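Below is one structure, written out as structure tokens; the observations come after it.
Quantities reported herein were computed from a predicted structural model and do not represent experimental measurements.
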Amino acid sequence: MAAGIPPAFVVIIAGMVAALHIGKIPPAIPVLRDALGISLVEAGFLLSMVQMAGMLGGVFIGLAADGFGLRRSVLLGQGVLATASLAGAWASQPGELLALRAVEGFGFLLCVLPVPSLIRQLVPPSRLALHLGLWGTYMATGSSLVLAGGPLLMGAIGWQGLWVALAGVSAAVAGWLFVRVPSDRLRRAAIARATSAPASAPAAARAQWRARLRATLGSAGPWRVAITFSVYSSQWLAVIGFLPAIYAQAGLSGQLSGLLTAFACLANVTGNVAAGRLLHRGVCARHLLYAGFLAMAATAFVAFSPLAAEVPVARYLAVVLFSAIGGLIPATLFALAVHVAPDENTVSTTVGWMQQCSSAGQFLGPPLVAWVAGAVGGWQWTWVITGLASLVGLVLSSRMRYQRG
């Protein structure tokens, strides 16, 4: 390849750009409620509607990407994101924006599900762990960037301008990826030359996908890690996603609330990185899950209980710890997925099933929290919803087994 940013980093950046579209709604909620008359529950669905595609077919999109082509899938996903975001700038009704968020969710999955396999083909085995570790930060990084910069941009060009700008970023990164990342055909040929094996078309993989799917969904382990992922993701998005709206109600400026939310979101990276290092050192996965869920339950109580209403700094620090220590959970579950998959050929299918259940949790969690907040006239009972989710996670975690290979 020509000198420049390596192709593996280009696809990681493409994932971060896809995450920009996920993270653009939280800082825009106060503006959208004024501009389009969006209710609190509708705002909850705007947060979660992007997960619709993952909830309904994440595992199938993951299976199909191998047959369609990994680079093609990422390119198509960026095209879908660019088109839906551009169309969203002209939305005049909440229903239109909700429908386009569902389309964006489809584009998001097309972008991110193939990336781990794509990275594996683009880097030598000795550097794979490093690159996959960087990939693990794509969501928090992309979301944090738009949470921090979104209010500033909306102040200058409006929410429609932000939607158009992000459409342009997706289009630009798609062009960059097209130029810098080898095509699927060229990568297969290069791998065949390096391994002295015939270049294999994806036909065999397509023929086996039904068997992989049956094996995955017929085993208890993938279900356990997937449901555990869903109860984690549902409460994390519900809390982090509504922070800008909560801070706006408290009288903070959009820029300040965006920065505070961005920092809380970025704190999640520390937990993910720490979990990987602790698992490598032999710490029990169950103990990490216990720590994550117990910390999320305790910190949500401090953040939302009326008992801490007069100590805003303590409430914010509790949210940061909620995100940071909760970050132990997803990294641990991805490590567990490798071990609970029925065999080595179903690891990606197991991860796809985790993504599907995670999307379901993110789809249902924010509207439920918003409905409770609307019913009781405030956010003071949020900790009850998140606490129940953590309790389910603790019960499921007690059945987890992990042995370091």
Side-chain angles (χ1 to χ4, degrees), residues 21-56 84-85 87-106 108 143 146-147 150-151 153-155 158-163 166 233-258 260-261 264-265 300 303-304 306 309 319 359-386 388-389:
H21 293 271
I22 303 297
K24 69 187 177 185
I25 283 293
I29 284 177
V31 179
L32 292 173
R33 293 192 70 185
D34 291 337
L36 300 182
I38 292 174
S39 70
L40 192 59
V41 173
E42 286 173 332
F45 276 110
L46 273 178
L47 282 173
S48 62
M49 187 61 75
V50 75
Q51 304 298 332
M52 175 69 79
M55 182 180 69
L56 296 180
S85 190
W90 277 267
S92 59
Q93 300 294 328
E96 297 172 0
L97 212 54
L98 284 167
L100 288 168
R101 284 299 279 174
V103 175
E104 287 179 347
F106 178 69
F108 173 76
S143 298
V146 74
L147 284 167
L153 283 173
M154 285 188 289
W159 74 267
Q160 296 98 330
L162 176 62
W163 261 239
L166 292 181
S233 62
S234 63
Q235 56 179 314
W236 189 85
L237 183 62
V239 170
I240 299 300
F242 277 120
L243 280 185
I246 294 171
Y247 293 150
Q249 289 180 1
L252 298 182
S253 69
Q255 182 64 31
L256 179 57
S257 65
L260 291 173
T261 305
C265 180
F304 294 101
V319 170
S359 296
Q362 293 178 67
F363 178 81
L364 297 172
L368 177 60
V369 167
W371 178 79
V372 172
V376 302
W379 304 94
Q380 63 270 23
W381 289 105
T382 298
W383 67 272
V384 176
I385 306 300
T386 60
L388 289 173

TODO: Write down the atom of S85, the atom of L166, and the distance for their closest heavy-atom approach.
DONE: OG-CB, 4.2 Å
Open item on the list: Looking at every non-hydrogen atom in both residues, tell me the closest pair between L36 and A91 and how far apart they are.
Closed with: CD2-O, 4.1 Å
Open item on the list: Looking at every non-hydrogen atom in both residues, tell me the closest pair between P151 and V146 and how far apart they are.
Closed with: CD-O, 4.0 Å
- [ ] Give the ring-plane orientation class for W159 versus W163, where under 30° counts as parallel, over 60° as perpendicular and anything between as tilted.
- [x] perpendicular
- [ ] Starting from the C-alpha separation in whole Å, work towards a yes-or-no answer on side chain to side chain contact (heavy atoms under 4.5 Å, CB included) for L260 and L147.
- [x] CA-CA 9 Å; L260 291 173; L147 284 167; over 6 Å; no
Open item on the list: Show the nearest heavy-atom pair for residues S234 and G361, with the distance to one decimal.
Closed with: CB-O, 3.0 Å
- [ ] Show your reasoning for whether side chain to side chain contact (heavy atoms under 4.5 Å, CB included) applies to F304 and V369.
- [x] CA-CA 12 Å; F304 294 101; V369 167; over 6 Å; no
Task: Contact summary for I22 and R101, nearest pair of heavy atoms - done: O-NH2, 3.4 Å
Open item on the list: Could you tell me if the side chain of W381 sits less than 4.5 Å from the side chain of P306, heavy atoms only?
Closed with: no
Open item on the list: Once rounded to the nearest 0.5 Å, what's the spacing between atom CG of L98 and atom CD1 of I38?
Closed with: 7.0 Å
Task: Separation of I385 CD1 from W371 CH2 (nearest 0.5 Å) - done: 8.5 Å
TODO: Would you give the length of the straight line joining atom CD of Q160 to atom CE of M154, rounded to the nearest 0.5 angstrom?
DONE: 10.5 Å
Task: Gap separating the CD1 atom of I29 from the CG atom of D34, nearest 0.5 angstrom - done: 12.0 Å
Task: Residue pair I240 / T261: nearest heavy atoms and the distance that separates them - done: O-CG2, 3.6 Å
- [ ] Give, for atom CG of L388 and atom CD of Q235, the distance between the pair rounded to the nearest 0.5 Å.
- [x] 10.0 Å
Task: Distance (rounded to the nearest 0.5 Å) between L237 CG and L364 CG - done: 11.5 Å
